[in-house]
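Before any comments, here is the structure.
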Amino acid sequence: MRRLRLVHLSDIHLQPERDAAAGFAACLRHLQALDPPPDLIINTGDTIMDGVGVGLQRANVQWELWDSLVHDHCRIPMLHCLGNHDIWGWNRRKSGCTGSEPFYGKELPLRRLGLSSPYYHKDLAGWRIFVLDSIFDGAGDAAEASTSHFVARLDDTQLAWLVRELAATPPETNVILVSHCPIVGGAALFFTGEVGETERTGHWVIPNNWMHIDARALVAILMRFPNVRLCLSGHTHMHDRMEFAGITFINNGALSGRWWRNDAPDPPPTYSPPGYGLLELFDDGSFTNRWLPFTVNNHR
């Protein structure tokens, strides 16, 4: 029997430009018209276009647009995790931040999304959904941090929490893990920013911010818990599904496609057009995932 119907949104990259607001509003109307409507929306981050290299005023313009659109167009509860674009001020040179501001770093997106912690879990209809925080400063010098200069991983405190909470989860409760960056994913092999590097070195080059660098340790932990059914992620803007170690890893691309510029010349062929995932979760721990393409002009 079906227990839950979920929509998986990722990489919305909301901004006043590029008709992003109209696109997001149209998507909210579209998903709420599904029959039956979803029980929950899972947002796997990069909610706004850029908080890392902008001042507080520009960051808040994007978050206020988010608040307005959700208030006006969304009646379905949401779970959120942080994406690398959501973090405020880490590029101090561009943002003008010193690092001592009250809402610096993750604090601003946490407040704007109504979260007390960047990682947590929620129980719903026999399923437990763990929301993880993948985003840690990897620049070495925070003044040079950017949306790409971070490391995808869990810190020690979060990892200890995850192990403890998984062990405390009843074995009959099915588990989903949600992260911005994929824990495991084949799309990392097609990172466009390193084109030519693999050919030059003769080795596959996978940046440390395109897939969790602690994937081996995480998978070894997850294998101890057979009730872990699914890991959902975003970040790559590419569709990806892998079955590995008894776990399914799914990336449903990006609602924004190529950051709401899908008419740009020569898009990377691996990038997915705009869309979102629709999941059905069942009592026995099984599930389905269907990707729904979303062309803004067809859903205004």
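All residue numbers in this chain count up from 1 along the given sequence.
No more than 12 heavy-atom neighbours from other residues, nucleotides or ligands sit within 6.0 angstrom of CZ on F244.
From D284, atom CG reaches atom CZ of R3 across 11.0 Å, with rounding to the nearest 0.5 Å. Atom CG of residue N208 and atom CG of residue D214 lie 11.0 Å apart, to the nearest 0.5 angstrom.
Partners of W66 according to the side chain to side chain donor-acceptor pair (under 3.5 Å) rule, which considers only residues two or more places apart in sequence or in another chain, do not exist here. Every residue meeting the side-chain contact (heavy atoms from CB on, under 4.5 Å) condition with L189, not counting sequence neighbours, appears here in chain and number order: W204, I206. N60 meets the side chain to side chain donor-acceptor pair (under 3.5 Å) test with R112; sequence neighbours excluded. For the side-chain contact (heavy atoms from CB on, under 4.5 Å) test, residues two or more places apart in sequence or in another chain that qualify with D72 are S68. Annotation: side-chain contact (heavy atoms from CB on, under 4.5 Å) contacts of R18 (sequence neighbours excluded): Q15, M49, W259, W260, R261. Take F249 and apply the ring pair (Phe, Tyr, Trp, His ring centres under 6.0 Å) test, not counting sequence neighbours, and it matches no residue. Qualifying side chain to side chain donor-acceptor pair (under 3.5 Å) partners for Q57, counting only residues two or more places apart in sequence or in other chains: none. Applying the ring pair (Phe, Tyr, Trp, His ring centres under 6.0 Å) criterion to H212, with sequence neighbours excluded, gives no partner residue. For D86, there are no side chain to side chain donor-acceptor pair (under 3.5 Å) partners two or more places apart in sequence or in a different chain.
No path of Ile, Leu, Val, Met, Phe, Trp and Tyr side chains, each step under 4.5 Å between heavy atoms, connects L40 with F282, placing them in separate hydrophobic clusters.
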Contacts under 3.5 angstrom, residues 163-173 side chains, donor-acceptor by atom type, not counting sequence neighbours:
unit_1	atom_1	unit_2	atom_2	d
E165	OE1	H121	NE2	3.0
T169	OG1	R128	NH1	2.9
T169	OG1	E165	O	2.7

Enumerate donor-acceptor pairs with a distance under 3.5 Å from any side-chain N or O in residues 176-184 to protein atoms, sequence neighbours excluded.
unit_1	atom_1	unit_2	atom_2	d
S179	OG	C181	O	2.7
H180	ND1	T44	O	2.6
H180	NE2	D46	OD2	3.4
H180	NE2	N84	OD1	3.0
H180	NE2	H235	ND1	3.0

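Residues Y119 and F130 have side chains not in contact (no heavy-atom distance under 4.5 Å, counting atoms from C-beta outward).
D39 has no carboxylate O lying under 4.0 Å from a charged side-chain N of R5, or vice versa, which leaves the two without a salt bridge.
Looking at T248, V131, I250, N251 one by one, the single match for side-chain contact (heavy atoms from CB on, under 4.5 Å) with L232 turns out to be I250.
Using a 4.5 Å cut-off between side-chain heavy atoms of Ile, Leu, Val, Met, Phe, Trp and Tyr, M211 forms no hydrophobic cluster with any other residue.
R92 places a side-chain N or O within 3.5 Å of a backbone atom of T98 that can act as its donor or acceptor partner.
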**OP:** Take H237 and H13 through the ring-ring contact (aromatic ring centres under 6.0 Å, His included) test and state the conclusion after the steps.
**Re:** CA-CA 11 Å; H237 294 226; H13 289 286; 5.2 Å; yes
